[in-house]
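Values below: all heavy atoms of this structure, side chains included; hydrogens, waters and symmetry mates excluded. Sequential numbering from 1 along the given sequence is applied to the chain's residues.
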Amino acid sequence: MFPQKEAISWNIDQIGYADLDGKAGFKMAIHRVGERWYLYAALLWEPGFVILDITDPNSHRYIKHVPGPADTMTFQIQIADGRMITAMEAIPDYLGGHEGPWEHEGFAIWDLEDPENPEQLGVFKTGGSGTHRNYYDGGHYVYATGLPDGYDGHILQIVDISDPANPKEVSRWWREGQWLAGGEGGVSAGTLLHGGAYVKGDRAYLPYSAGGFVILDISDKKTPKLVSDLPFSPPFEHYIAVHTALPLQNRPLVIVNSEAILENGAGSLGYAGIVDVSDEAKPRLISLFPLPEPPPGAPYKNFVERGARFGPHNQHQWQYQDVLLNDENICFLTYFNAGLRVYDVSDERLPKEIAYFLPPDPTDRRGPWPTTGLIAQTEDVLVDSRGYIYISDKNQGLYILRLSQTRTPRPA
């Protein structure tokens with residue numbers, strides 16, 4: 001492997017770096033109170049989250065770490081309407097597992113009236129192993145990626161949190177074959193809701209991993225109904241064939257991507273692309289993003305040779321929040337060892353890369369991955385409405401970036 005000692009970027013400027021007191025950040029959310037801006041970063045290798053004051057991103061302030069329940073994964077987070085939703089899920093076997101019943105599972109609901117001292121209002125429990133990446137854009141409903149007992153893989157659970165001390169499940173939806181306790185016959189491995197459902201009007205767009213890209217009619221939240229689906233595996237990566245499905249608001253398009261799981265190129269090709277849903281009964285893939293290329297002078301001819309995971313992971317998601325950037329002509333996408341990639345999608349038939357940022361490789365190990373060496377692995381991305389970009393890494397804190405005011409042609 002080839003250690004990268006300094007950040008390498010094109011059309012992106014580094015504004016700062018937040019070490020997070022030696023912890024590894026993962027999913028992020030932003031909240032504003034008056035003139036003050038706060039970033040909440042769920043942690044990857046230990047329970048809980050940290051709070052930063054990012055009012056001035058050039059001189060951010062670390063506030064504190066809020067611990068989570070022991071022996072629990074809590075690395076998913078959402079904020080809207082002054083409430084924060086933090087996921088709690090069972091630790092899987094490949095990260096050590098857990099013996100016996102799972103006490104801390106589901107998601108917690110927090111009040112952010114005092115942004116530096118969140119108050120927990122209630123907990124929703126799935127009756128199983130908890131939730132993964134949930135969706136909450138405000139109001140009464142959380143669209144939870146839950147794993148209740150009796151199911152093979154995560155499903156959609158719609159939860160009413162209007163009384164946060166007593167959240168109640170309204171309905172659930174799953175792919176036929178997942179409900180093993182109900183006598184269904186099983187599904188292919190990896191058929192599960194992975195990323196959060198994304199709501200647009202009376203539709204929910206579900207990234208259902210090996211189960212494909214799914215459109216649901218949620219006009220009646222008590223009885224979600226399948227509108228259509230679009231398979232992606234084969235030929236693409238099987239286990240998380242659809243990780244994110246991000247609908248655009250002003251065009252009948254959804255940006256979808258897979259997640260790379262295996263290291264060193266051992267899995268099938270990962271992808272990011274655009275689906276046309278103008279005829280929602282027949283969604284169709286109309287373009288693919290170009291694969292990231294190594295920067296000039298790199299000691300590897302492609303990113304697979306760099307080692308660890310290579311492939312897409314998370315997109316910046318606006319989710320109707322005024323503190324977040326809403327620009328439907330640009331897609332911000334993390335790509336593990338290829339860092340952050342930025343694409344112009346104004347022409348949906350020809351997405352073009354316009355910027356990238358490759359953080360330096362970590363100097364100390366904060367968690368067990370990657371297994372093949374300390375190689376930078378860019379995880380999540382969030383962009384605030386002022387244009388500041390935040391990215392997290394498996395073994396580092398948060399990088400604070402901004403698109404360059406003056407754009408240059410791609411370096412040869």
Side-chain angles (χ1 to χ4, degrees), residues 4 7 14-31 37-79 84-92 94-96 98 104 107-108 110 112 115-118 120 130-134 308-309 313-314 334 336-337 339-340 357-371 373-382 384 388-401:
Q4 181 183 306
Q14 182 175 340
I15 303 300
Y17 173 76
D19 188 63
L20 305 183
D21 195 26
K23 308 177 192 303
F26 195 48
K27 300 299 173 63
M28 299 171 287
I30 290 175
H31 179 55
W37 292 66
Y38 297 91
L39 184 143
Y40 300 75
L43 301 176
L44 183 54
W45 302 120
E46 61 183 284
F49 56 89
V50 300
I51 308 173
L52 300 179
D53 183 329
I54 56 166
T55 305
D56 179 2
N58 295 277
S59 182
H60 63 272
R61 176 171 62 96
Y62 179 90
I63 296 173
K64 66 180 178 182
H65 169 220
V66 179
D71 234 14
T72 306
M73 292 200 311
T74 62
F75 48 56
Q76 310 286 342
I77 191 167
Q78 298 268 279
I79 293 176
M84 179 168 63
I85 307 298
T86 57
M88 297 180 289
E89 57 186 311
I91 297 175
Y94 56 79
L95 284 177
H98 176 83
H104 302 290
F107 62 77
W110 304 75
L112 296 180
E116 299 190 15
N117 296 286
Q120 186 171 311
T131 68
H132 194 61
R133 187 162 193 172
N134 305 309
R309 289 198 205 183
H313 192 193
N314 284 299
T334 63
F336 287 117
N337 72 358
L340 172 69
F357 181 85
L358 295 173
D361 290 331
T363 56
D364 62 291
R365 182 173 286 282
R366 301 184 182 184
W369 292 342
T371 63
L374 274 177
I375 299 165
Q377 298 275 266
T378 305
E379 293 284 355
D380 194 24
V381 56
L382 199 62
D384 72 29
Y388 293 104
I389 307 164
Y390 309 86
I391 61 171
S392 57
D393 184 278
K394 272 190 172 71
N395 288 286
Q396 301 183 74
L398 306 182
Y399 286 89
I400 305 171
L401 316 169

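Contact record, T55 with P57: O-CD, 3.6 Å, taken as the closest heavy-atom pair. Of all heavy-atom pairs spanning Q14 and L401, the tightest one is CA-CD2, 3.8 Å. Of all the heavy atoms in P115 and H31, the pair that sits closest is CB-CD2, 4.2 Å. Nearest heavy atoms, A108 versus M88: N-CE, 4.1 Å. Across every non-hydrogen atom of M73 and A90, the tightest pair is CE-O, 3.6 Å. For the pair I375 and P362, the tightest heavy-atom approach, listed with the atom from each and the gap, is C-CD, 3.8 Å.
Looking at residues two or more places apart in sequence or on another chain, you find a side chain to side chain donor-acceptor pair (under 3.5 Å) between H132 and Q76, E89. Here T86 pairs with W110 under the side chain to side chain donor-acceptor pair (under 3.5 Å) rule; sequence neighbours left out. By the salt bridge (charged side-chain N to carboxylate O under 4.0 Å, His left out) test, R61 is found to be paired with D53, E116, residues two or more places apart in sequence or in another chain being considered. For K27, the salt bridge (charged side-chain N to carboxylate O under 4.0 Å, His left out) test picks out no residue, with sequence neighbours left out. For Y17, the ring-ring contact (aromatic ring centres under 6.0 Å, His included) partners are Y399, not counting sequence neighbours. The side chain to side chain contact (heavy atoms under 4.5 Å, CB included) check on I30 picks up W37, L39, I54, V323, L324, L382, D384, Y390, with sequence neighbours excluded. With sequence neighbours excluded, no residue forms a side chain to side chain contact (heavy atoms under 4.5 Å, CB included) with T363. Judged as a side chain to side chain donor-acceptor pair (under 3.5 Å), and not counting sequence neighbours, the contacts of T131 are N134. Looking at residues two or more places apart in sequence or on another chain, you find a side chain to side chain contact (heavy atoms under 4.5 Å, CB included) between D364 and R366. Partners of D56 under the side chain to side chain donor-acceptor pair (under 3.5 Å) rule, at least two apart in sequence or in another chain, are N58. Residues satisfying the side chain to side chain contact (heavy atoms under 4.5 Å, CB included) criterion with P47, sequence neighbours excluded, are T74.
One distance of note links CD of Q396 with CG of D361; it measures 7.5 Å at 0.5 Å rounding. For the atom pair R309 CZ and Q377 CD, the distance stands at 7.0 Å (nearest 0.5 Å). Distance CG/L340 to OG1/T378: 7.0 Å, rounded to 0.5 Å.
Proximity of Y38 to L112: side-chain heavy atoms (C-beta onward) are nowhere separated by under 4.5 Å. Looking at E379 and F336, their side chains come closer than 4.5 Å, going by heavy atoms from C-beta outward. Between L44 and S392, the closest side-chain pair of non-hydrogen atoms is not below 4.5 Å. Counting only heavy atoms from C-beta outward, the side chains of D21 and H65 never approach each other to under 4.5 Å.
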Review point. V66 and Q120: side-chain contact (heavy atoms from CB on, under 4.5 Å), yes or no, with the steps?
Key: CA-CA 11 Å; V66 179; Q120 186 171 311; over 6 Å; no
Review point. Can you check side-chain contact (heavy atoms from CB on, under 4.5 Å) on F49 and M84, steps first, answer last?
Key: CA-CA 11 Å; F49 56 89; M84 179 168 63; 3.5 Å; yes
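Of the possible donor and acceptor atoms, one in the side chain of Q4 sits under 3.5 Å from a partner among the backbone N and O of P359. Side-chain N or O atoms of R365 include one that pairs as donor or acceptor with a backbone N or O of P370 at under 3.5 Å.
The aromatic rings of W45 and W369 sit perpendicular, their planes meeting at an angle over 60°, well past the 30° parallel limit.
Residue L398 is tested with L52, V50, I391, D393 for a side chain to side chain contact (heavy atoms under 4.5 Å, CB included); the sole match is L52.
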